[in-house]
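Step one of this worksheet: look at the structure below.
Just so we're on the same page: letters track the sequence lines, and every chain starts at 1.
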Protein chains: 2
Amino acid sequence: MSQGLDEVAPERRSAQEDPGAASAVVEAHVLGEVRPERRRRRVSMADVARLAGVSSQTVSRVANGHPGVVDETRRLVLGAMAELGYRPNSAARALKSGEFRTIGVILFTLSTTGNVRTLEAIASSAAAEGYAITLIPVAVPTQDGVRGAFTRLGELAVDAVILLMEVHLLDAASVSLPPGVQVVVADSDAGDQYSVVDTDQADGTRQAVAHLLDLGHRTVHHLAGPEESFAAERRTAAWRRTLEEAGCPVLPVERGDWSAESGYRAGLRLAADPACTAVFAANDELALGLLRALHESGRRVPEDVSVVGFDDISEAGSFLPPLTTVHQDFAEVGRRCVEGVLRQFRNDEHERGTHLVPTHLVVRRSTGPAPR
Amino acid sequence: MSQGLDEVAPERRSAQEDPGAASAVVEAHVLGEVRPERRRRRVSMADVARLAGVSSQTVSRVANGHPGVVDETRRLVLGAMAELGYRPNSAARALKSGEFRTIGVILFTLSTTGNVRTLEAIASSAAAEGYAITLIPVAVPTQDGVRGAFTRLGELAVDAVILLMEVHLLDAASVSLPPGVQVVVADSDAGDQYSVVDTDQADGTRQAVAHLLDLGHRTVHHLAGPEESFAAERRTAAWRRTLEEAGCPVLPVERGDWSAESGYRAGLRLAADPACTAVFAANDELALGLLRALHESGRRVPEDVSVVGFDDISEAGSFLPPLTTVHQDFAEVGRRCVEGVLRQFRNDEHERGTHLVPTHLVVRRSTGPAPR
DNA sequence: CTCGTGGATGTTTACGTAAACATGGACTAC
DNA sequence: GTAGTCCATGTTTACGTAAACATCCACGAG
């Protein structure tokens with residue numbers, strides 16, 4: 001029930017009869033003689049109709065579960081479908097209906113937990129709605145990659161698009177969204193232009209910093225993400241504002257690129273500062289590197305230094321020590337993205353505004369009272 | 001150059017004159033009179049042809065870069081395209097050509113590093129070839145999810161399929177591959193049925209176990225993955241064979257579900273065994289949990305116990321201590337999957353056999369000489 | 001000067017589906 | 001008994017594209 005070639009269409013024709021088969025040229029070159037038909041013709045409604053002795057419209061009705069087909073006819077058609085192995089042709093369907101039943105997801109990378117988890121939720125929500133997901137990676141390395149994505153978008157094989165990246169990066173990638181396609185954006189600040197779904201990073205940050213201050217720390221250092229990242233900047237801004245509101249000194253940030261390795265390097269600098277007793281890391285990987293740096297510098301966590309991360313990746317509870325971190329509900333973000341984009345598509349109206357998914361602090365063992 | 005709404009065509013006409021104009025629907029709605037057309041008509045080649053004063057075939061020729069169009073005509077057509085914002089309709093193109101320029105990727109989950117990294121490589125390789133990726137998640141939770149995937153597959157909106165799961169699970173998910181679609185499988189043993197690409201897990205395991213034996217350990221314990229997983233079973237089998245060939249005792253395995261948490265629980269049992277001085281964990285997450293269990297049990301790594309993982313996830317180098325592990329080149333797996341599936345598609349021939357991508361041991365600091 | 005040649009462009013057609021409309025037969029109401 | 005109604009099914013058409021085929025014109029060779 002699940003193989004490829006063995007099933008050769010019975011009415012396979014010779015090349016003579018069908019000289020137009022795609023890339024027959026290549027094969028002719030190799031074989032030098034008869035050109036096998038490149039792609040066997042698919043079974044269409046007409047074939048089913050012929051076998052069942054009905055019109056193709058009746059087949060269409062059966063295929064789409066429309067009423068008004070008498071039981072016996074229906075059985076006849078279903079039998080013919082099964083016998084021929086009929087599958088509806090989604091290209092024809094899309095052409096007719098103008099809908100692809102597909103959502104495009106544009107992203108730069110799958111190396112961040114957030115993107116992956118959001119994508120996973122998007123994929124299952126979309127599947128539940130009968131929509132497929134087309135991945136549109138806008139790789140930075142080669143311009144070719146970008147061109148590929150551009151092309152697909154241009155051809156508009158999607159009904160709607162979810163952007164898993166910051167809107168302003170679109171320009172950099174020279175990708176333009178096709179007009180008339182609805183968009184929902186995650187991880188951005190484009191609420192005035194688009195419908196944006198995001199986790200409440202500012203509040204998560206506030207909770208994290210407040211938690212550390214409550215534990216008696218004089219202030220909180222910040223191990224930030226890369227400057228280009230909007231999420232990183234937002235967390236940094238919220239960290240700064242929380243400290244200012246509490247009247248605590250705001251010290252210069254250390255910066256990493258989200259990776260554990262960069263967190264380690266920046267962590268070594270933080271570890272060398274004896275006044276540093278609490279650090280808010282912009283994500284869990286950075287926190288992991290920081291933990292290692294602190295460990296190797298002989299500073300105990302949480303006795304000497306408290307650490308809070310961001311994301312609550314699945315491994316966070318197994319760090320040494322288990323990491324206190326801000327939990328983001330990526331699954332909910334994904335769900336809302338799909339919901340939003342489909343609502344826009346169905347109503348054919350463009351929405352704006354930002355929808356925030358709450359975040360909450362998960363307290364584990366990497367935070368403790370300030371040393372005296 | 002990169003947004004949706006603001007980009008309003010300069011020659012914007014009223015809804016009356018051209019009910020098909022972009023976003024006319026919204027306007028009509030605002031005007032509160034004519035019932036808005038559900039979905040605006042797209043700009044087609046015919047529209048471009050009319051404006052340019054040529055035939056639609058000429059537009060087609062220009063769009064596809066065919067020769068035999070004089071420069072002035074070409075400019076005329078390109079100008080009309082730009083003015084109308086023409087985008088080719090991929091549904092029509094697919095219907096005509098019989099190709100979707102899309103590869104389907106079927107997978108259960110995005111929560112394993114291997115799947116994600118492989119998918120990422122697949123996506124960029126495919127994009128470089130001008131192919132899009134359609135994600136087909138076969139979620140276990142609801143049967144609806146499975147049905148959705150089934151439907152999409154049935155409609156065959158893909159030219160080829162890459163299976164990122166074990167073939168035998170397909171049956172369980174009651175997904176059947178449509179006939180005539182070429183398949184490449186990763187992470188399975190179905191080389192007799194399909195073209196399979198995988199990392200050389202047996203050799204990676206052998207390297208890991210041999211490394212530990214070389215360090216003087218009497219034998220190597222195994223923290224295995226779930227029984228249902230083929231990858232887990234393969235690693236376990238290779239571990240057993242390597243020990244047997246070296247004449248070392250083969251002890252019962254501890255088992256986890258790939259998660260760090262389960263690694264921690266199993267690790268507590270291993271840590272309680274004073275004879276246990278070397279553990280081969282089936283993946284890095286399990287190893288992470290194991291490290292934590294050992295730490296909390298007061299057993300030092302690597303002085304008392306050596307640990308080796310599998311995968312070389314990006315965080316592995318930042319564990320405490322940095323983890324010795326088997327590196328898998330998922331990017332190469334992804335590339336070869338795309339290459340293989342496109343080759344099959346283009347030649348219209350079904351390939352079989354297993355292609356292994358080499359693995360290698362990355363020695364960090366979680367392994368050391370056996371305690372005496 | 002005429003015919004042939006070849007290049008540029010136009011016309012026809014088919015891809016598979018499904019909406020819209022047409023047909024024809026059975027049954028009901030008067 | 002006849003007209004009207006409704007239901008099952010058939011026929012026509014359009015969706016947008018591109019291959020195949022047709023046409024037309026300019027130019028060169030004889």
Closest approach to the side chain of Val69(B), judged atom by atom: which nucleotide of dT17(C), dT9(C), dT9(D) is it? dT9(C)
Of the candidates dA19(D), dG16(D), dT17(C), the side chain of Leu95(B) sits closest to dG16(D)
Can you check whether Val161(A) reaches Gln182(A) side chain to side chain, under 4.5 Å on heavy atoms? no
Between Asn64(B) and dA18(D), is there a contact of a side-chain N or O with OP1 or OP2 at under 4.0 Å? yes
Take atom CZ of Arg74(A) and atom C1' of dC7(D), then tell me their distance rounded to the nearest Å. 14 Å
Shortest side-chain distance from Ser44(B), nucleotide among dG16(D), dA18(D), dT17(C): dG16(D)
What is the distance from NE2 of His66(A) to P of dC7(D), rounded to the nearest Å? 17 Å
Side chain of Asn89(B) only, heavy atoms from C-beta on: which candidate in dA19(D), dA18(C), dT17(D) is closest? dT17(D)
Nearest-0.5 Å distance, CZ of residue Arg61(B) to OG1 of residue Thr73(B): 10.5 Å
Roughly how bent is the helix from dC1(C)-dG30(D) to dC30(C)-dG1(D) end to end, in steps of 10 degrees, with each end axis from five pairs? 60°
Distance-minimising heavy-atom pair for Asp159(B) and Gly98(B): OD1-O, 4.3 Å
Tell me whether Arg343(A) is salt-bridged to Glu339(A), with the criterion being a basic N under 4.0 Å from an acidic carboxylate O. yes
Find the distance Phe100(A):CZ to dG16(C):C1' and express it as a whole number of Å. 15 Å
For Glu99(A) and dG16(D), give me the distance from atom CD to atom C1', rounded to whole Å. 17 Å
dist Arg74(B):CZ -> His66(B):NE2 (nearest 0.5 Å) comes out at 10.0 Å
Spacing of Met45(A) atom CE relative to dT9(D) atom C1', expressed in whole Å: 15 Å
For the pair made of CZ in Arg87(B) and P in dC15(D), what is the distance, rounded to whole Å? 21 Å
With rounding to the nearest 0.5 angstrom, report the CD1 to CD1 distance, Ile133(A) to Ile122(A). 6.5 Å
N/O contacts under 3.5 Å, protein versus nucleotides 10-14 of chain D?
residue: dG10(D); atom: OP2; partner: Ser55(A); partner atom: N; Å: 2.8
residue: dG10(D); atom: OP2; partner: Ser55(A); partner atom: OG; Å: 3.1
residue: dG10(D); atom: OP2; partner: Thr58(A); partner atom: OG1; Å: 2.7
residue: dG10(D); atom: N7; partner: Arg61(A); partner atom: NH2; Å: 2.9

So, using side-chain contact (heavy atoms from CB on, under 4.5 Å) as the criterion, who are the partners of Leu110(A) when residues are at least two apart? Leu107(A), Val116(A), Leu119(A), Val116(B), Leu119(B), Glu120(B)
To the closest 0.5 Å, what do you measure between CD1 (Ile136(B)) and CD1 (Ile106(B))? 5.0 Å
Indicate the atoms forming the closest heavy-atom contact of Gly130(B) with Arg101(B), along with that distance. O-NE, 3.4 Å
Figure out the CG/C1' separation between Leu84(A) and dG16(C), and round it to whole Å. 15 Å
